[in-house]
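Shown next, in structure tokens, is the structure this report addresses.
Only heavy atoms go into these numbers, but all of them, side chains included; no hydrogens, no water, no symmetry mates.
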Amino acid sequence: MVMKRGSRTFGRIMVFPRVGSAATCRLSIWSTSLRAYRKTIGRLVVNTRLTRTLASVTFALAVLCGLAFAGTAVTHMLDDGAVCVETGFWQNARLASEEPLPIRKGVDAAASATRLCQDDPSVAQRAADLGNELPWLLFGALALLLFSRLLNAVLEQGPFTEAVSRRLSALGWLVTVGTPVAGLVVGWSHSWLVASMAPIVGSEPTVAGPQALILAGLAAVIMGKIMREGVRMREDLEGTI
């Protein structure tokens with residue numbers, strides 16, 4: 001038998017001093033206090049008047065967009081007046097008039113846009129007129145509603161939680177998918193409506209609107225996934241302490 005300081009060796013078996021229960025208890029208390037501190041600091045950081053105000057304002061804007069969507073749909077379907085649309089097909093074309101325009105000598109007059117109006121429009125033309133206005137209102141209402149829910153989750157649970165990461169990803173997917181879909185509906189409806197009044201223009205699939213929002217949507221999706229993985233790693237780390 002060989003004896004050494006700090007441990008005891010019997011043959012090939014080495015016995016180390018056992019960690020006391022007091023040290024284990026102190027480690028557990030420290031871990032619990034650390035988790036509580038993180039949650040408290042996170043809530044203090046985001047639980048501000050500005051964040052609460054922003055959450056309320058975005059929810060109110062979402063409701064207004066929803067009401068505008070419903071009101072526009074109802075008024076357009078009940079309206080029996082003319083349907084009008086603008087086109088740039090004859091852009092920079094010279095204006096024809098029997099009387100000279102009140103402009104100086106040597107000045108050329110050209111049209112930047114042409115406004116077409118159809119009296120007694122068909123059902124398809126009214127539907128195309130709705131498709132030219134409603135998609136972005138619906139997109140705005142849904143995006144603002146999801147953003148408001150995201151802010152509410154941050155206020156209630158803190159910024160780095162599972163709920164916040166999921167709602168951020170949901171908002172990102174809505175922006176990523178909804179932007180090209182709304183742009184395609186608006187652009188194609190506008191193109192078809194113009195072609196129904198002026199067949200020479202023709203109709204083709206067109207995407208309208210700010211398509212750069214797709215990049216913002218993809219960034220939100222990626223950030224949501226990163227936050228979700230960070231939350232899981234933190235939970236696993238806290239579970240091992």
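Note: the hydrophobic cluster containing Met227 also contains Leu150 (ILVMFWY, side chain heavy atoms under 4.5 Å, direct or indirect links). Residues Val154 and Leu174 fall within the same hydrophobic cluster, defined by Ile, Leu, Val, Met, Phe, Trp and Tyr side chains chained together at heavy-atom separations under 4.5 Å. Following chains of ILVMFWY side-chain contacts shorter than 4.5 Å, one can reach Leu213 starting from Leu171, so the two form part of one hydrophobic cluster.
Contacts of Glu162 classified as side-chain hydrogen bond (donor to acceptor under 3.5 Å, both in side chains), with partners at least two apart in sequence or in another chain: Arg166. Applying the side-chain hydrogen bond (donor to acceptor under 3.5 Å, both in side chains) test to Ser169 and every residue at least two apart in sequence or in another chain returns Arg228. For Ala170, there are no side-chain contact (heavy atoms from CB on, under 4.5 Å) partners at least two apart in sequence or on another chain. Qualifying salt bridge (Lys or Arg N to Asp or Glu O under 4.0 Å) partners for Glu229, counting only residues two or more places apart in sequence or in other chains: Arg232. For Ala153, the side-chain contact (heavy atoms from CB on, under 4.5 Å) test picks out Val164, Arg167, with sequence neighbours left out. For the side-chain contact (heavy atoms from CB on, under 4.5 Å) test, residues two or more places apart in sequence or in another chain that qualify with Leu116 are Val85, Thr87, Thr114, Val194, Met197, Ala198. Looking at residues two or more places apart in sequence or on another chain, you find no salt bridge (Lys or Arg N to Asp or Glu O under 4.0 Å) involving Arg149. Partners of Trp136 under the ring-ring contact (aromatic ring centres under 6.0 Å, His included) rule, at least two apart in sequence or in another chain, are Phe139.
Separation of atoms CG (Leu168) and CG (Leu146) is listed at 10.5 Å; rounding is to 0.5 Å. The structure places CG of Leu54 at 9.5 Å from CG of Leu61, a figure rounded to the nearest 0.5 Å. Distance check, rounded to the nearest 0.5 Å: CG of Leu137 to CG of Leu142 gives 11.0 Å. Distance CG/Leu193 to CD/Glu86: 12.0 Å, rounded to 0.5 Å.
Here the closest non-hydrogen pair linking Ser165 and Gly224 is CB-O, 3.5 Å. Scanning both residues, Ala208 and Gln211, for their nearest heavy atoms gives O-NE2, 3.1 Å.
Sorted by first then second residue, the ring pair (Phe, Tyr, Trp, His ring centres under 6.0 Å) pairs that include residues 141-160, not counting sequence neighbours, number zero. Note on residues 50-80: no pairs pass ring pair (Phe, Tyr, Trp, His ring centres under 6.0 Å), not counting sequence neighbours.
No side-chain donor-acceptor contact under 3.5 Å links Ser189 to the backbone of Val186.
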Taking only distance into account, with no hydrogens and no angle test, what donor-acceptor pairs under 3.5 Å do side-chain atoms of residues 121-132 form with protein atoms, sequence neighbours excluded?
unit_1, atom_1, unit_2, atom_2, d
Ser122, OG, Gln125, N, 3.3
Gln125, OE1, Ser122, N, 3.1
Gln125, NE2, Ser196, OG, 3.1
Arg126, NE, Asp79, O, 3.4
Arg126, NH1, Asp79, O, 3.1
Arg126, NH2, Asp79, O, 2.9
Arg126, NH2, Gly81, O, 2.7

Tell me which donor-acceptor pairs under 3.5 Å the side chains of residues 176-185 have, and how far apart each pair is, sequence neighbours excluded?
unit_1, atom_1, unit_2, atom_2, d
Thr176, OG1, Gly172, O, 2.7
Thr176, OG1, Gly217, O, 3.4
Thr176, OG1, Leu218, N, 3.2
Thr179, OG1, Val175, O, 2.7

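Between Cys65 and Leu144 the shortest side-chain heavy-atom distance falls below 4.5 Å.
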